[in-house]
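Please read the structure below before turning to the comments.
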Amino acid sequence: MILPLLLALQVTPVAPLPKGTALPPPASEEGQVIAPVQRLFDALAANDPAAILAEVRPDGRATAVVEKADGTTAVTNSDWPAFAAKLGKPGPKRAETFTGMPAIEIDGNIAMVWGSYTFTVDGKPSHCGTNHVDLVRDGGRWRINNVTWTQRTTGCAQ
């Protein structure tokens, strides 16, 4: 007799809302953190070394962890001027974009952005992986200190 009463009082769980895929509002703290990351991606797409360097701290680094076809891994590091010079050369149109909503964590004057990406050349996937971007609030402005990413050619969105 008590079981029907308990069942009647049970609350049926509601399915959680799906996570959003939009970037945070620009005026929010998260929006201010993601803005230099997006400008860096835009500068890569525009092959603009000066715009790349405008978003980074001069003492930071870019690190790629590349999964090769033979199963080995190569780690390369560049300071920002070398990174900008290498990727800022004219050539085919390139765009690097987050796939979905990246994770954004903020603690005082440091922040981290983490998310999967697909790098395209002329609209076709070249490689994909995960970006990890750490930022520092410098002079009241968020600037990218380091970017580390994985890079592979398998399992990329088409």
Side-chain angles (χ1 to χ4, degrees), residues 16-68 72-158:
L17 294 174
K19 290 188 177 184
T21 57
L23 292 177
S28 70
E29 188 75 9
E30 291 82 3
Q32 291 174 23
V33 166
I34 197 75
V37 177
Q38 187 58 55
R39 287 191 298 266
L40 176 72
F41 292 166
D42 293 345
L44 289 169
N47 294 313
D48 187 344
I52 291 169
L53 295 175
E55 300 306 325
V56 300
R57 290 179 42 84
D59 55 349
R61 304 202 52 82
T63 303
V65 180
V66 180
E67 299 172 16
K68 296 182 177 183
T72 61
T73 301
V75 178
T76 59
N77 288 291
S78 301
D79 62 22
W80 285 117
F83 177 84
K86 182 172 72 172
L87 294 181
K89 294 179 181 175
K93 182 72 174 170
R94 299 172 190 225
E96 189 168 359
T97 59
F98 280 113
T99 307
M101 178 66 176
I104 302 170
E105 297 288 335
I106 303 167
D107 182 25
N109 289 316
I110 66 169
M112 182 268 319
V113 177
W114 172 286
S116 59
Y117 75 90
T118 300
F119 192 90
T120 61
V121 176
D122 292 332
K124 296 179 184 156
S126 166
H127 61 272
C128 61
T130 299
N131 283 320
H132 172 263
V133 183
D134 70 83
L135 301 95
V136 175
R137 193 181 340 241
D138 187 11
R141 170 179 177 231
W142 287 105
R143 294 179 53 129
I144 297 167
N145 197 48
N146 299 298
V147 176
T148 303
W149 67 94
T150 58
Q151 182 176 323
R152 63 183 169 277
T153 56
T154 58
C156 299
Q158 295 297 323

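Listed by first and then second residue, the side chain to side chain donor-acceptor pair (under 3.5 Å) pairs involving residues 54-66 are R39-E55, E55-R141, R57-D59, R57-D138, R57-N145, T63-N77 (not counting sequence neighbours). The disulfide (SG to SG under 2.5 Å) contacts involving residues 29-59 comprise nothing, where partners must be two or more places apart or lie in separate chains.
Here the side chains of N131 and V113 are not in contact, with every heavy-atom distance at 4.5 Å or above. For the pair L40/V133, no side-chain contact is recorded, criterion being any heavy-atom separation below 4.5 Å from C-beta on. Proximity of V37 to L135: side-chain heavy atoms (C-beta onward) are separated by under 4.5 Å at one or more points. Side-chain contact between F83 and T76: absent, with no pair of heavy atoms (C-beta onward) separated by less than 4.5 Å.
In this structure a side-chain-to-backbone donor-acceptor pair under 3.5 Å is present from T150 to T130.
In this structure T73 satisfies the side chain to side chain contact (heavy atoms under 4.5 Å, CB included) test together with V65, sequence neighbours excluded. A82 pairs by the side chain to side chain contact (heavy atoms under 4.5 Å, CB included) definition with S78, D79, not counting sequence neighbours. In this structure I106 satisfies the side chain to side chain contact (heavy atoms under 4.5 Å, CB included) test together with E29, E30, V33, I104, A111, W142, sequence neighbours excluded. In this structure, the side chain to side chain contact (heavy atoms under 4.5 Å, CB included) partners of T154, at least two apart in sequence or on a different chain, are R152.
W149 approaches A62 most closely through the heavy-atom pair CZ3-CB, 3.8 Å. For the pair P125 and C156, the tightest heavy-atom approach, listed with the atom from each and the gap, is CB-CB, 4.5 Å. Contact detail for I34 and P102: the closest heavy-atom pair is CD1-CG, 3.9 Å. When all heavy atoms are compared, the tightest approach of A74 to K68 is CB-CE, 3.6 Å.
Note that CH2 of W114 and OG1 of T148 are 9.0 Å apart. Values are rounded to the nearest 0.5 Å.
Between F119 and H127, the angle of the ring planes stays under 30°, which puts this pair in the parallel group of the 30/60° scheme.
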I52/L44 under side-chain contact (heavy atoms from CB on, under 4.5 Å): CA gap, chis, key distance, verdict: CA-CA 7 Å; I52 291 169; L44 289 169; 3.8 Å; yes
